[in-house]
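Structure, as structure tokens:
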Amino acid sequence: MTNDDAGVAPAEEPVAEPAPTRLEEEGEVAADYLEELLDIADLDGDIDIGVEHGRAAVEIVSDEDPGALTRLVGPEGEVLDALQELTRLAVQARTGERSRLMLDVAGHRAAQRRELEAVAAEAISRVTSSGESVSLDAMNPFERKVVHDAVAAAGLVSDSEGVEPNRRVVIRAAS
Amino acid sequence: MLADALEHLVRGIVDNPDDVQVTARPARRGELLELRVNPADLGRVIGRAGRTARALRTVVGSLTTTPVRIDVVDVDRR
């Protein structure tokens with residue numbers, strides 16, 4: 001499984017969760033790295049750090065000018081993904097261990113997650129009422145993870161099929 | 001600013017931050033940033049299948065509206 005683009009662990013491969021203190025340290029290293037970038041680029045923003053789902057969660061936020069941060073999201077979130085990748089490497093360089101931290105900018109991923117959950121809910125109801133499996137549009141690893149989680153929560157079964165970038169989630173009725 | 005941003009981004013991900021050097025040159029359009037690192041860190045800044053170099057280009061490119069090119073200079077091979 002090579003879906004570590006967004007560093008999302010496939011549902012079928014549980015990963016031991018690092019201790020919270022280590023995740024906090026990851027968040028702090030990440031915050032230092034990102035804060036200095038904002039300074040250099042003269043972008044207004046603050047860094048929120050926390051721990052979510054067993055990972056460090058770091059978000060760049062701005063009360064005054066959230067619009068200015070959209071450049072750090074980029075088309076289809078490509079800048080955000082690139083910045084997340086670099087931030088993980090920066091954490092790894094300091095801690096010596098691979099990081100799976102999640103980066104967000106101005107609530108972008110959170111909004112994306114809500115949209116995906118709506119897509120998943122609609123597909124789940126189709127599978128439930130018809131009993132037939134449903135194949136969704138191609139998605140990136142982050143998007144697939146959100147859908148897999150929603151499907152599991154609904155008590156159905158899902159797999160990923162195909163090869164990146166055409167990998168898609170298939171939802172089946174629980175057998 | 002772009003050269004500083006690139007230098008910062010790279011210094012954070014290598015083993016030898018003091019060896020990171022970015023030279024900005026005017027290009028025909030926009031700017032050319034030449035990145036030099038300790039040869040031991042070359043793999044770090046390029047990454048698997050060029051992934052890290054691509055991420056650096058994407059992030060630095062997002063900070064400007066003018067075209068910017070980033071060349072990773074391989075000192076060993078010159």
Side-chain angles (χ1 to χ4, degrees), chain A residues 2-7 26 28-45 47 58 60 67-99 101 103 105-106 108 140-141 164-165, chain B residues 1-25 30-74:
Chain A
T2 55
N3 64 355
D4 58 355
D5 273 338
E26 284 192 19
E28 278 159 27
V29 174
D32 287 347
Y33 187 65
L34 294 167
E35 250 160 26
E36 191 166 339
L37 178 67
L38 294 180
D39 271 358
I40 293 169
D42 203 18
L43 286 170
D44 175 63
I47 316 288
V58 179
I60 306 175
L69 293 179
T70 54
R71 68 172 59 193
L72 294 181
V73 174
E76 294 179 28
E78 68 167 19
V79 178
L80 173 55
D81 287 340
L83 194 54
Q84 174 176 281
E85 168 89 14
L86 295 175
T87 306
R88 287 177 173 178
L89 293 173
V91 170
Q92 186 181 348
R94 287 272 291 276
T95 65
E97 286 181 65
R98 271 192 75 161
S99 165
L101 78 82
L103 178 65
V105 170
H108 173 80
N140 70 30
E164 300 280 9
Chain B
M1 180 277 270
L2 293 179
D4 291 343
L6 178 62
E7 184 175 325
H8 166 67
L9 289 170
V10 174
R11 284 178 63 98
I13 64 170
V14 296
D15 286 332
N16 304 282
D18 292 343
D19 294 346
V20 175
Q21 211 187 326
V22 176
T23 315
R25 301 181 190 282
E31 204 171 353
L32 165 66
L33 302 180
E34 284 184 350
L35 170 63
R36 288 178 175 78
V37 298
N38 188 298
D41 285 321
L42 211 48
R44 280 279 178 91
V45 298
I46 294 171
R48 227 184 329 138
R51 197 163 123 170
T52 307
R54 196 160 55 239
L56 289 167
R57 291 188 177 103
T58 301
V59 172
V60 173
S62 78
L63 303 177
T64 171
T65 51
T66 57
V68 58
R69 209 176 93 202
I70 298 174
D71 285 355
V72 182
V73 181
D74 186 344

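Letters A, B, ... mirror the listed sequences (proteins, then strands); counts begin at 1. Keep in mind it's a predicted model, so treat the numbers as computed, not measured.
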Open item on the list: Strictly distance-based, threshold 3.5 Å: is any side-chain N or O of B/H8 a donor or acceptor partner for the main-chain N or O of A/Y33?
Closed with: yes

Open item on the list: With chain B as the partner, which of A/V79, A/V29, A/D39 has the greatest number of non-hydrogen pairs under 4.5 Å?
Closed with: A/V79

Could you tell me the separation between the [atom1] atom of [X] and the [atom2] atom of [Y], rounded to the nearest 0.5 Å?
X: A/L86; Y: B/R51; atom1: CG; atom2: CZ; result: 10.5 Å
X: A/Q92; Y: B/R44; atom1: CD; atom2: CZ; result: 6.5 Å
X: A/D81; Y: B/T58; atom1: CG; atom2: OG1; result: 9.5 Å
X: B/I13; Y: A/E85; atom1: CD1; atom2: CD; result: 9.0 Å

Open item on the list: Going by salt bridge (charged side-chain N to carboxylate O under 4.0 Å, His left out), name the residues that satisfy it together with A/E97, two or more places apart in sequence or in a different chain.
Closed with: A/R22

- [ ] Could you list the residues that satisfy salt bridge (charged side-chain N to carboxylate O under 4.0 Å, His left out) with A/D42, not counting sequence neighbours?
- [x]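 For A/D42 there are no salt bridge (charged side-chain N to carboxylate O under 4.0 Å, His left out) partners, ignoring immediate neighbours.
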
Task: Greater than 12 external heavy atoms within 6.0 Å of A/R94's CZ - done: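 No, because the 6.0 Å sphere around CZ of A/R94 holds 12 heavy atoms or fewer from other groups.
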
Task: For the student: nearest non-hydrogen atoms of B/A5 and A/I40, plus distance - done: N-CG2, 3.6 Å

TODO: State, to 0.1 Å, how close B/G12 and A/A93 come at their nearest heavy-atom pair, and which atoms those are.
DONE: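 Shortest heavy-atom separation between B/G12 and A/A93 comes out as O-CB, 3.5 Å.
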
Open item on the list: I need the single residue from A/L72, A/L80, A/T70 that forms a side-chain contact (heavy atoms from CB on, under 4.5 Å) with B/S62. Which is it?
Closed with: A/L72

Task: Region of B/L2 that comes under 4.5 Å of a non-hydrogen atom in chain A - done: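 Neither part, no heavy atoms under 4.5 Å.
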
Open item on the list: Quick check on B/D4 against chain A: is it the side chain, the backbone, both or neither that has a heavy atom closer than 4.5 Å?
Closed with: both

